[in-house]
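As the structure lists them, so they are numbered: ligands from 1, and atoms in each ligand from 1. Basis for what follows: all heavy atoms, side chains included, without hydrogens, waters or symmetry-related copies.
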Amino acid sequence: MKISIIGSGYVGLVTGACLARADQNVTCLDIDEKKIQDLESGKIPIYEPGLEDLIKEKVENNLLSFSSNIDQTIKNADAIFIAVGTPTNIENDGADLSQVFACAEAIGKNIKSNTVVILKSTVPVGTCDKVEEIINLVNPSIDFDVVSNPEFLREGSAIFDFENPDRIIVGTKNKNSISTLNSIYKKHLDNNFPIIFTTRRSSELIKYASNSMLAMRIIFINEIADLCEKVGADVEDIALGIGLDKRIGPDFLNAGPGFGGSCFPKDARALVESGENYNAPQNLLKAVIDGNEKRKESLSKKIISITKDKKNIGVLGVTYKANTDDMREAPSLSIIPDLIDKGFNISIYDPQANKVGIKEFENVNWENDIYSVVKNSDCLVILTEWNEFKSMDLKKISDIMNKPIIIDFRNLFSLDEMEKLKIEYHSIGREAVNFNKETK
Ligand code: UDX
């Protein structure tokens, strides 16, 4: 079977590389010719652990190729994935589907009979119907089916997630498509990963509902963390205590600076918009979005109240989470400008952050390692949970800083450790450890 994937971004490339590893014949497409040239010469446009090597290997095995000739490649495809972006539409907070619809046009013009069109981009309920309409309008005589097959890939562990999914969701009732999807995911089925066939609309909604449920858990535990700080309880113990209840489960209960990235914020907004469109308000989710925004404001206030007259702040990690270079909707993008506005000097170290064109960070000082940041700082703020930060030399940091203060929004360290080292330590939902150099 020949598979084409339109959109060589994060989802398209991971899907393409992993399907090639499952012995499928895949061509990844993009209208961006420069990106395709880079990919052909082995340059990968994103940081995703393991992806570069996997792509190289599968290109060498002739199972994976790249092309910007979308029309020609579609003509030869038996299955076409659409994996283009669906960013927030700034006019209504819904999803901007222009790239998906442009794909549908191109597919309509070039598709051969009996091809399956698989929508992997995250789209509001009803979008597959619209894609079908567009293809039908452009090419009324062709026989095809549009299937929904959302992705559930976490940046940083996307290859693992693709190859070890909790479930594969496929929205179609068409027998030929069911058989095509079963053969695309044959390796997964052989390994007993569950594949759920449902309607297209249910499949589209499963994706939004999953991300929104996870986002809700994060805001819930963050609000519990705020209460813990007020009443002297420990959010880590609360997460453990509630997570052991099998009905709740332990995941996505890490309190932190709020959620960011290319999915949760955008998908939560789009589901609220769908709710408005169909007169089924998503009130819980509205509160989640609001809670996430307010959290960023409250964290800069917290930093300011701790640092008081000290003006040099070192920030460790600015991406929205560890193991990615992605800055989209990262909490740092609101927290750092707030601090700059209040007259703080900011130094940053991040192992991978994509620094290009981030207007929010115009006046910051980028350093190349943790300890260069420490040298210039009265206070360290940890925003992402990179392993490199978890294993940093706290004794060295304590020696370099005059009166060491660490504000840790990822709860990377134990309170005991900080007490022993006499580091003033403020984390999330736990008691503060208050010391300074004089008490050493
Ligand atoms: C998410 C979904 O997990 C994935 O299934 C979907 O397809 C794409 O969106 P991703 O955005 O890569 O993946 O990141 P994820 O690891 O889910 O984290 C999202 C955000 O929540 C990050 O900002 C992260 O720091 C935050 N988070 C996550 C918490 O604050 N606490 C947690 O316990 C988990």
Q | Nearest-option assignment for atom 15 (P) of ligand 1, heavy atoms, candidates Arg410, Lys321, Glu329 | A | Lys321
Q | Residue selection (non-hydrogen contact nearest atom 31 (N) of ligand 1) among Asn254, Asn323, Asp161 | A | Asn254
(Q) Any salt bridge linking Glu293 with Lys296? Criterion: basic side-chain nitrogen under 4.0 Å from a carboxylate oxygen. (A) yes
(Q) Quick check on Gly256 - does any of its heavy atoms sit under 4.0 Å from an atom of ligand 1? (A) no
Q: May I ask you to decide whether Asp234 forms a salt bridge with Arg430, counting only side-chain N to carboxylate O separations under 4.0 Å?
A: no
Q.
With a heavy-atom distance limit of 4.0 Å, tell me whether Thr384 approaches ligand 1 through its side chain, its backbone, both, or neither.
A. neither
Q. Which protein heavy atom lies closest to atom 4 (C) of ligand 1, and at what distance to 0.1 Å?
A. Leu153 O, 3.6 Å
Q: Can you measure from CD1 (Ile335) to CG (Leu299) and round to the nearest 0.5 angstrom?
A: 4.5 Å
Q.
Checking the N or O distance criterion of under 3.5 Å, is ligand 1 in contact with Phe259?
A. no
Q) With sequence neighbours excluded, what pairs up with Asp78 under the side-chain hydrogen bond (donor to acceptor under 3.5 Å, both in side chains) test? A) Lys112
Q. What part of Asn222, side chain, backbone, both or neither, has a heavy atom within less than 4.0 angstrom of ligand 1?
A. neither
Q) If you measure from atom 13 (O) of ligand 1 to every heavy atom of Arg154, Lys266, Glu151, which option wins on shortest distance? A) Arg154
Q: Considering only NZ, NE, NH1 and NH2 on the basic side and carboxylate oxygens on the acidic side, decide whether Arg410 and Asp408 come within less than 4.0 Å.
A: no
Q: May I ask you to list the atoms of ligand 1 that are less than 4.0 angstrom from any heavy atom of Lys207?
A: 6 (C), 7 (O)
(Q) Would you compute the distance between atom CE of Met213 and atom CG of Leu271 and round it to the nearest 0.5 angstrom? (A) 11.5 Å
Q.
Can you confirm whether the side chains of Asp145 and Thr172 place a donor and an acceptor under 3.5 Å from each other?
A. yes
Q.
Only heavy atoms of Cys263, strictly under 4.0 Å: list the atoms of ligand 1 that pass.
A. 8 (C), 9 (O)
Q. Based purely on interatomic distance, does Gly260 place a nitrogen or oxygen under 3.5 Å from a nitrogen or oxygen of ligand 1?
A. yes
Q: Apply salt bridge (Lys or Arg N to Asp or Glu O under 4.0 Å) to Glu163 and Arg21, showing your working.
A: CA-CA 10 Å; Glu163 295 185 333; Arg21 175 140 73 188; 2.8 Å; yes
(Q) I'd like to know if the side chain of Asp245 reaches the main chain of Arg247, judged simply by a donor and an acceptor atom lying under 3.5 Å from each other, with no hydrogens or angles considered. (A) yes
Q: Going by heavy-atom distance to atom 28 (C) of ligand 1, choose the closest among Phe252, Phe264, Phe409, Tyr320.
A: Phe252
Q | Identity and distance of the protein heavy atom lying nearest atom 26 (C) of ligand 1 | A | Ile218 CD1, 3.7 Å
Q) In terms of residue, atom name and distance, what is the protein heavy atom nearest to atom 12 (O) of ligand 1? A) Glu155 N, 2.6 Å
